[in-house]
Protein chains: 2
Amino acid sequence: MDNQRAETENKIIEAAMKVFTKKGYKGATMRDIAAEAEINLAMLNYYFRSKDNLFDIIFERAFKQIYGKLFEVLANNSSIFDKIRGLVNEIIEILLNNPELASLIFAEVSINPERLSDKFKGNSEVEKIFNRFQKQIDKEVKLGIMKPISFMELYMNIDALCVFPFLAKPMFTGIFNLSEMNYGGLMERRKSTIADFIIAGLQA
Amino acid sequence: MDNQRAETENKIIEAAMKVFTKKGYKGATMRDIAAEAEINLAMLNYYFRSKDNLFDIIFERAFKQIYGKLFEVLANNSSIFDKIRGLVNEIIEILLNNPELASLIFAEVSINPERLSDKFKGNSEVEKIFNRFQKQIDKEVKLGIMKPISFMELYMNIDALCVFPFLAKPMFTGIFNLSEMNYGGLMERRKSTIADFIIAGLQA
DNA sequence: TCTTGTATTAAACATTTGTTTAAAACAAAA
DNA sequence: TTTTGTTTTAAACAAATGTTTAATACAAGA
């Protein structure tokens, strides 16, 4: 059946996701992945041609998972402050369910930047969404509701406050000796504190 | 001379720093480092015993470079808001001079968390500094000068806003197609905007 | 100059790793 | 049952990589 094929593919994808996020691209071996998937080594190349190709697919998935929802929020019709709340909520929610996603993307992008920038270059859809948001900001600035800021910097700040704690989890749990559980709760609470914090900083 | 020995050591350290930050621990090879240092491969083991040991030394250096100055700022006698400005300034200044430092530490810590947490565990000096800062916060909260916040979350926010843009540089330059030069200028400006932003968010 | 300890080199070694191969197992169609 | 195409397996291969070795060059002290 074709069902069988899909099932094996999934097993491999899941295993690869696990191993790549844990060890990085270079650190992960095809044998690690095969073992994790409980599958013969040669099957990996049979199903996915090469390690690089397999990683590309994993990366693409992670990427879509994160950015898909974000673009939705950015594109809808609510107020800026609501969009900020929406972005913060989505980012943290996604990362709470998939804490390794951030590391996977960052570790790889810092070594191989093209892997990501290719996904944005020449994407006019994205550009349109950004411009629209910037105009929305400018309007509220003129109305005296918020301080002036570029969309880029605002987005940078949101991303920083939401994503960084996940990237830095090993650091912070080490420095402040928190347990795994506490960290989840902390991030859950931060959904609102971060949004409040940003909005407070923006209020004119 | 002993001078000669130190010189070779330095050549190796510099080369290792360069290669490790660029390719990560696993991605960097001893042959890469030897080539970068323009030195025979076997010299690396002769001088530094093993790849792992060499990395440890590089990591230790990077770590001290970042945290040394930060602890200074945290330990001095200025007001909270001044300390925040001080921290932001120091972090960004260090990373502007050494943009790869952040990636080096984060990439490695996420794969090998013990490497970092070992440096904090049982360090009562650090704990003292943290507690002192927390008390300073609590006092200002009681005086109605600032909103209540834990030192940990405040530190997390500062770190996030300062460090994240360096980690995410490949992402942001890709997404918003900025040049290398622009990015430096942006971060230079952020020294004050970040501090203002944080303080605005904290003001009661 | 001879000796002795250190620095440097080219080559080799043992493992690891991504990938391929050739044979076997399996399933479905004829 | 035989055939045909697909999936799975164990083994092998070639390249890369951390480390060691054994020989040589070098510098300083006797």
Side-chain angles (χ1 to χ4, degrees), chain A residues 1-62 104 107-108 110-112 114-115, chain B residues 1-62 104 107-108 110-112 114-115:
Chain A
M1 298 193 203
D2 210 28
N3 202 351
Q4 177 64 21
R5 181 174 188 94
E7 203 178 306
T8 313
E9 260 177 28
N10 273 351
K11 262 205 299 185
I12 294 177
I13 296 253
E14 263 174 53
M17 178 79 187
K18 216 179 209 167
V19 178
F20 277 134
T21 51
K22 197 165 165 188
K23 306 207 183 182
Y25 177 73
K26 273 282 180 179
T29 75
M30 296 292 264
R31 282 164 181 83
D32 284 341
I33 297 170
E36 178 70 38
E38 292 173 314
I39 225 177
N40 186 282
L41 169 63
M43 298 283 272
L44 295 182
N45 291 284
Y46 181 73
Y47 272 79
F48 291 97
R49 206 172 68 245
S50 71
K51 183 187 183 185
D52 205 62
N53 185 240
L54 178 56
F55 184 82
D56 261 340
I57 288 165
I58 301 293
F59 188 84
E60 182 81 22
R61 279 183 155 230
L104 174 72
E108 202 43 37
S110 79
I111 286 172
N112 192 351
E114 298 78 27
R115 185 106 60 178
Chain B
M1 300 193 203
D2 211 27
N3 201 351
Q4 177 64 20
R5 181 174 188 97
E7 203 178 306
T8 313
E9 260 177 28
N10 273 351
K11 262 206 297 186
I12 295 177
I13 296 249
E14 263 173 52
M17 180 78 188
K18 215 177 207 168
V19 178
F20 277 133
T21 50
K22 197 164 167 188
K23 307 208 182 181
Y25 177 73
K26 273 282 180 181
T29 74
M30 295 293 262
R31 283 166 180 81
D32 285 341
I33 297 170
E36 178 69 40
E38 293 174 311
I39 224 177
N40 186 282
L41 169 63
M43 298 282 272
L44 295 181
N45 290 284
Y46 181 72
Y47 272 79
F48 290 97
R49 207 172 67 245
S50 71
K51 183 186 182 184
D52 205 61
N53 184 240
L54 178 54
F55 184 82
D56 260 340
I57 288 165
I58 300 293
F59 187 84
E60 182 81 23
R61 278 185 156 230
L104 174 73
E108 202 43 36
S110 78
I111 287 173
N112 192 350
E114 298 77 26
R115 184 106 60 179

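In the text below, chain A, chain B and the rest are named by the order of the sequence lines, each starting its count at 1.
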Anything under 3.5 Å between a protein N or O and an N or O of nucleotides 11-16 of chain C, put it in a table, one pair a line.
none

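- A:Ile39 has its CD1 atom 7 Å from the P atom of D:dT9, to the nearest Å.
- Looking at heavy atoms from C-beta onward, B:Phe20 lies in side-chain contact with B:Leu54 at the 4.5 angstrom threshold.
- Atom OG1 of A:Thr8 is separated from atom OH of A:Tyr46 by 10.0 Å, given to the nearest 0.5 angstrom.
- From B:Lys26, atom NZ reaches atom NZ of A:Lys23 across 7.5 Å, with rounding to the nearest 0.5 Å.
- Two residues are said to be in side-chain contact when any heavy atoms from C-beta on lie closer than 4.5 Å; B:Tyr47 and B:Asn53 fail this criterion.
- Rounding to the nearest 0.5 angstrom, the gap separating the CG atom in A:Asn45 from the CE atom in A:Met30 is 4.0 Å.
- A:Thr29 pairs by the side-chain hydrogen bond (donor to acceptor under 3.5 Å, both in side chains) definition with A:Asp32, not counting sequence neighbours.
- The pair B:Lys11-B:Glu7 does not count as a salt bridge, with every side-chain nitrogen at least 4.0 angstrom from each carboxylate oxygen.
- The main-chain N or O of B:Tyr25 is found under 3.5 Å from a side-chain atom of B:Lys51 such that the two form a donor-acceptor pair.
- Only A:Met43, A:Tyr46, A:Tyr47, listed by number, bring a heavy atom of residues 43-59 of chain A to less than 4.0 angstrom from any atom of DNA chain D.
- A search for side-chain hydrogen bond (donor to acceptor under 3.5 Å, both in side chains) contacts involving B:Glu14 returns nothing, not counting sequence neighbours.
- Residues of residues 11-23 of chain A having a heavy atom closer than 4.0 Å to DNA chain D: none are found.
- Partners of B:Lys18 by side-chain hydrogen bond (donor to acceptor under 3.5 Å, both in side chains), not counting sequence neighbours, listed by chain and number: B:Glu36.
- Distance NZ (B:Lys26) to C1' (D:dA16): 12 Å, rounded to an integer number of Å.
- A:Arg5 has no side-chain polar atom (N or O) that falls below the 4.0 Å cut-off from OP1 or OP2 of D:dT6.
- Note that the CD1 atom of A:Ile57 and the CD1 atom of A:Ile12 stand 10.0 Å from one another [nearest 0.5 Å].
- Taking atom CE of residue A:Met30 and atom P of nucleotide C:dT19, one finds them 5 Å apart after rounding to whole Å.
- Here A:Ala28 lies in heavy-atom contact (under 4.0 Å) with sugar-phosphate atoms only.
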